[in-house]
Number of protein chains: 2
Amino acid sequence: MKPPVSDPSFTPKRERILDAAEELFARHGYDGVTLRQIAKKADVDVALANYHFGKKRDLFEATFLRRAQILNDVRLQALLEAEKEGDGTPPLEAIISAFLRPIQALKLSSDPGWRNYCALVAYINSSAVWGEEMMHRHFDPLVSRYIAALKKALPNTEPEKIHWCYHYLSGALTLTLAQTGRIDRLSEGLCQSTDSQTAYDLMIPFVAAGFERICGEP
Amino acid sequence: MKPPVSDPSFTPKRERILDAAEELFARHGYDGVTLRQIAKKADVDVALANYHFGKKRDLFEATFLRRAQILNDVRLQALLEAEKEGDGTPPLEAIISAFLRPIQALKLSSDPGWRNYCALVAYINSSAVWGEEMMHRHFDPLVSRYIAALKKALPNTEPEKIHWCYHYLSGALTLTLAQTGRIDRLSEGLCQSTDSQTAYDLMIPFVAAGFERICGEP
DNA sequence: TTGACAATTCAACAGTTGTTGAATTTTACT
DNA sequence: AGTAAAATTCAACAACTGTTGAATTGTCAA
């Protein structure tokens, strides 16, 4: 029962609560999950969630925050590397790759928890109740850096258009993260929601072409 | 208290329940809304929802179904018209327009209920629990016709790619319908979630360019 | 007016919810 | 070994949930 140096408040059961909450919140949303369901899945007493995290709302936020910083870090690193390679102004597709590839990498990583977390982010981003506040506080600071890079890569473009294009990108990504299984049904098994490789390989050029059309670059 | 000829089971309070359910379900999701909240907003007794619709789940489905047929109808008409103008094989952008413009038109219509309904569809489409089954049953039959038209407009393209491109289109549309207000914040007021005109004017060429890039047409 | 039937409300149920304070166990340090 | 603190469980609460059957009101044709 040794805590990792990084987190002094580490506890196995505490972590299991977060894992269970991640999975359940991602699938059923905030109101679709009870603390007892979470406790049962984590094989823990109900009261323990309150002891560690306080109110249900705080547990939800803690679940969201646990991996948010990691995601922001790998994304920032990808953006910085793209800017280094591009001498300060990387080409459009490199910026979009730096935005999407880190997510793909995390989903393909050994930790299966990232799949649930991605679905959780999709839920939050689609929700008018949670999305506006939480995404803004914890993701928009970095997203603003991507927007700035896009403005540099697409000069002479009204900022308004760049924001709308990012909005479409965000939508395509969000539905991909949600993994609702609808594309599987609609394509009659031809495509799979879980096929991250194809999903991101095609999303990047798709979105890049959209940006170029709207923002009038070659 | 005269029922419109079209619906023999019409009742003002019944309709008010649907209106209230539409607004609340769209914003807070299925589990985030109680029957008492709906009844209160509709200024009606709780038991009346059960009398008219049965279980809560049935009320949810009835709310979804009320406008689904209308949406499918106007969309089908738009697709047929595009096919007529294009001599059976309308160009790519005409198909995408036939898919998106009807929604824009409904949102700009006099009935403000369509705004709530669009957010409800966004919620359902983003949900792994509801999306797979309900969207498949009630929307995919028509969507398959759009897919077929896309295949005709983009011959020599692997169907897999067309399905993924439609998936990105669906994602961009879904986030637009959700109207979470995030683009307002991120753009610092430069763009508004409620600005359907710009949202769809830009979405159509954005998506068309994406299709062309992936499916290799001029 | 009466009588039927639909629409609506009233009252109440059994089960579940988030949350809390006290009791118990485990951990870590001397 | 002993002890204080942290971690965990136990037991219970008041409030709220969806749902139902009986009672009341409204509607409209005979």
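Quick caveat: nothing in here was measured; it's all calculated off a predicted structure.
If you measure from atom CG of A/L59 to atom P of C/dT20, you get 14 Å, rounded to the nearest angstrom. With rounding to whole Å, A/D31 atom CG is found 18 Å from C/dT16 atom P. Rounding to whole angstrom units, CG of residue A/N50 and C1' of D/dT9 are separated by 13 Å. Residue A/L35 contributes atom CG, which lies 11 Å from atom P of C/dT20 at whole-angstrom precision. Rounded to whole Å, atom C1' of D/dC10 lies 12 Å from atom CZ of A/R36.
Closest approach to the B/Y51 side chain among D/dT9, C/dA6, C/dT20 is made by C/dA6 (side chain taken as heavy atoms from C-beta onward). Distance from the side chain of B/T11 is smallest to C/dT8 among C/dT8, D/dA6, C/dT20.
For the OP1/OP2 pair of D/dA6 and a distance below 4.0 Å, the side-chain nitrogens and oxygens of A/H52 include no atom meeting the criterion. Look at B/T34 and you'll find a side-chain N or O under 4.0 angstrom from OP1 or OP2 of D/dG18. Dashed line: the shortest gap from a side-chain N or O of A/K13 to OP1 or OP2 of D/dT9 is under 4.0 Å.
For the pair B/K56 and B/Y30, the cation sits on the ring face: its NZ or CZ lies under 6.0 Å from the ring centre, inside 45° of the axis.
The distance between the ring centers of B/F64 and B/F139 falls below 6.0 angstrom.
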